[in-house]
Number of protein chains: 2
Amino acid sequence: MGVKERRDRERLGMRRAILDAAREIAAHEGWHAVTIRRIAEVIEYSPPTIYEYFPSKEALLVEVSHEAFGLLLGDLRGARDATPDPRERLRSMVAAYWAFVWKHPELYQVISGLGGVNVCEPGDECLHTEGTQVAELFREVLQTILPPANRTAEDLENKVMVIWSLFHGFTALLMAGRIPMEARDRALELGQQALGDLVSAW
Amino acid sequence: MGVKERRDRERLGMRRAILDAAREIAAHEGWHAVTIRRIAEVIEYSPPTIYEYFPSKEALLVEVSHEAFGLLLGDLRGARDATPDPRERLRSMVAAYWAFVWKHPELYQVISGLGGVNVCEPGDECLHTEGTQVAELFREVLQTILPPANRTAEDLENKVMVIWSLFHGFTALLMAGRIPMEARDRALELGQQALGDLVSAW
DNA sequence: GGCATTAATCTAACATTGTTAGATTAACGT
DNA sequence: ACGTTAATCTAACAATGTTAGATTAATGCC
């Protein structure tokens with residue numbers, strides 16, 4: 001009998017609705033506006049119902065973060081597979097990263113602790129795996145670019161951090177209003193240029 | 001009669017106490033623990049008293065941010081004046097920036113919207129002046145380093161953004177736990193190395 | 001010195017947050 | 001048809017930022 005299956009499907013659908021509602025509110029009004037009662041209103045259920053599907057608001061946001069990381073990783077892999085040339089691959093992946101940030105600012109905020117969200121404390125294992133995967137993708141492509149002498153594991157890891165920091169830094173400063181938004185479109189180009197300079201030096 | 005002066009002094013002292021309490025709580029327990037009642041408890045006054053000195057919690061945090069920016073700018077100027085050699089100056093300023101971040105993580109968080117604080121919305125003029133001043137300091141030293149051909153105002157501004165983004169990115173990724181804290185000490189060295197490579201390319 | 005005025009502070013409360021307890025209703029298995 | 005289980009709701013809790021109104025203390029004036 002498929003009753004259990006249907007129930008599972010319904011539970012899954014409800015989770016989906018809750019997650020989507022949270023994301024939608026965040027997209028339109030920012031994460032500060034994402035409250036349990038507001039989500040409940042959107043999905044047309046009472047607030048406590050949400051706790052039948054997530055143990056806490058924190059857990060809900062962690063789930064959103066996991067899904068967001070999934071999307072980002074997908075985009076990065078797509079960009080990687082779009083061209084076989086190593087340098088072009090790196091450019092493409094960086095462009096995809098940048099595109100993701102500004103296509104889904106609210107998702108980028110929740111996975112990187114921007115915009116006043118901060119889902120896992122630093123030191124928590126929470127999203128460590130996903131962070132590692134992003135780094136891994138850049139590590140792989142860098143390995144095919146750098147001269148063999150500079151390909152020790154630590155060397156690659158260091159260089160990935162530099163690249164990631166550069167673009168995340170741009171994003172964070174822009175989103176925090178510390179750099180004016182007019183600079184946004186320029187930033188990708190600047191970053192790519194700097195990246196090229198760095199790769200040449202490595 | 002010095003009664004008005006004394007009152008002003010007392011008001012100032014009270015503001016000081018409130019600001020220090022907020023900062024101290026944040027330093028020990030993070031900004032999420034900084035609540036009006038908690039501050040009131042520390043200064044041994046009732047919660048509403050705080051509203052006689054600050055119109056809102058937000059305003060209080062903005063004031064903390066202003067002071068924090070003041071400290072950072074002071075450190076940066078000190079580092080600038082520590083040596084006359086342009087390249088060494090840049091290195092020194094970057095080192096001072098990095099030192100400030102990890103000496104007062106809570107202050108850096110509040111001025112850069114990390115750690116779940118977010119004092120001014122992006123697009124707000126709130127801390128725009130201070131951000132500009134930080135950029136200005138780096139702009140000045142860069143101007144003495146770059147070859148004359150690459151010294152247009154826009155060029156300098158762009159390069160400052162690259163430098164700032166690099167180091168802020170490191171900090172943000174570390175503080176968000178996206179990069180493991182073991183990499184912290186390495187990061188300054190890595191950043192300095194990358195900065196050297198970039199300056200050479202410019 | 002006595003008294004009105006003004007400033008500083010407090011108690012009590014409000015609305016909004018996340019979250020839980022307990023009742024109620026609907027669906028299911030036997 | 002009925003007991004059991006799952007899903008949902010109403011009502012409430014504690015903690016947040018914030019405000020109103022009373023109270024107390026200090027000041028200026030005669």
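In what follows, chains are A, B, ... by sequence order, proteins preceding strands, each numbered from 1.
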* Structure fact -> Here the gap from A:Glu136 atom CD to A:Leu76 atom CG, rounded to the nearest 0.5 Å, amounts to 12.5 Å
* Could you tell me, to 10°, how much the axis swings from one end of the helix from C:dG1-D:dC30 to C:dT30-D:dA1 to the other, five pairs per end? => 10°
* B:Arg38 CZ to D:dA15 C1': how many Å, rounded? -> 14 Å
* **Protein-nucleotide distance (B:Phe54, atom CZ; D:dT19, atom P), rounded to Å** => 15 Å
* Steps toward salt bridge (Lys or Arg N to Asp or Glu O under 4.0 Å) verdict (A:Glu29, A:Arg38) -> CA-CA 11 Å; A:Glu29 311 168 44; A:Arg38 191 95 175 60; 2.5 Å; yes
* Are B:Arg178 and A:Glu130 close enough for a salt bridge, meaning some N to O gap below 4.0 Å? -> no
* Rounded to the Å, how far apart are A:His32 NE2 and C:dT17 C1'? -> 13 Å
Check nucleotides 6-13 of chain C against the protein and report each pair of N or O atoms closer than 3.5 Å, with its distance, or say if there are none.
residue: C:dA8; atom: OP2; partner: B:Arg11; partner atom: NH1; Å: 3.4
residue: C:dT9; atom: OP2; partner: B:Tyr53; partner atom: OH; Å: 2.6
residue: C:dC10; atom: OP2; partner: B:Ser46; partner atom: N; Å: 2.8
residue: C:dC10; atom: OP2; partner: B:Ser46; partner atom: OG; Å: 2.9
residue: C:dC10; atom: OP2; partner: B:Thr49; partner atom: OG1; Å: 2.6

* Nearest-Å distance for atom pair CD1/P, residues B:Ile36 and C:dT17 -> 18 Å
* Separation of atom CD1 in B:Ile50 from atom P in D:dT16, rounded to whole Å -> 12 Å
* Asked: Can any side-chain N or O of B:Arg15 pair as donor or acceptor with the backbone N or O of B:Tyr53 at less than 3.5 Å?
  -> yes
* Asked: Can a side chain N or O of B:Thr35 be found less than 4.0 Å away from OP1 or OP2 on D:dG17?
  -> yes
* **Plane angle bin for A:Phe170 and A:Phe167 - parallel if under 30°, tilted between 30 and 60°, otherwise perpendicular** => tilted
* Any side-chain heavy-atom pair of B:Thr171 and B:Trp98 under 4.5 Å -> yes
* Any idea how A:Tyr108 and A:His168 line up, ring-wise: parallel (<30°), tilted (30 to 60°), or perpendicular (>60°)? -> tilted
* To do: Identify whether the distance between the nearest side-chain nitrogen and carboxylate oxygen of A:Arg77 and A:Asp81 falls below 4.0 Å.
  => no
* Please give, in whole Å, the distance from C:dT19 P to A:Lys57 NZ? -> 8 Å
* Asked: B:Arg23 versus B:His104: any side-chain heavy-atom pair under 4.5 Å?
  -> yes
* **Spacing between B:Tyr51 atom OH and D:dG21 atom P, to the nearest angstrom** => 18 Å
* Asked: In whole angstroms, how far is the C1' atom of C:dG18 from the CH2 atom of A:Trp31?
  -> 16 Å
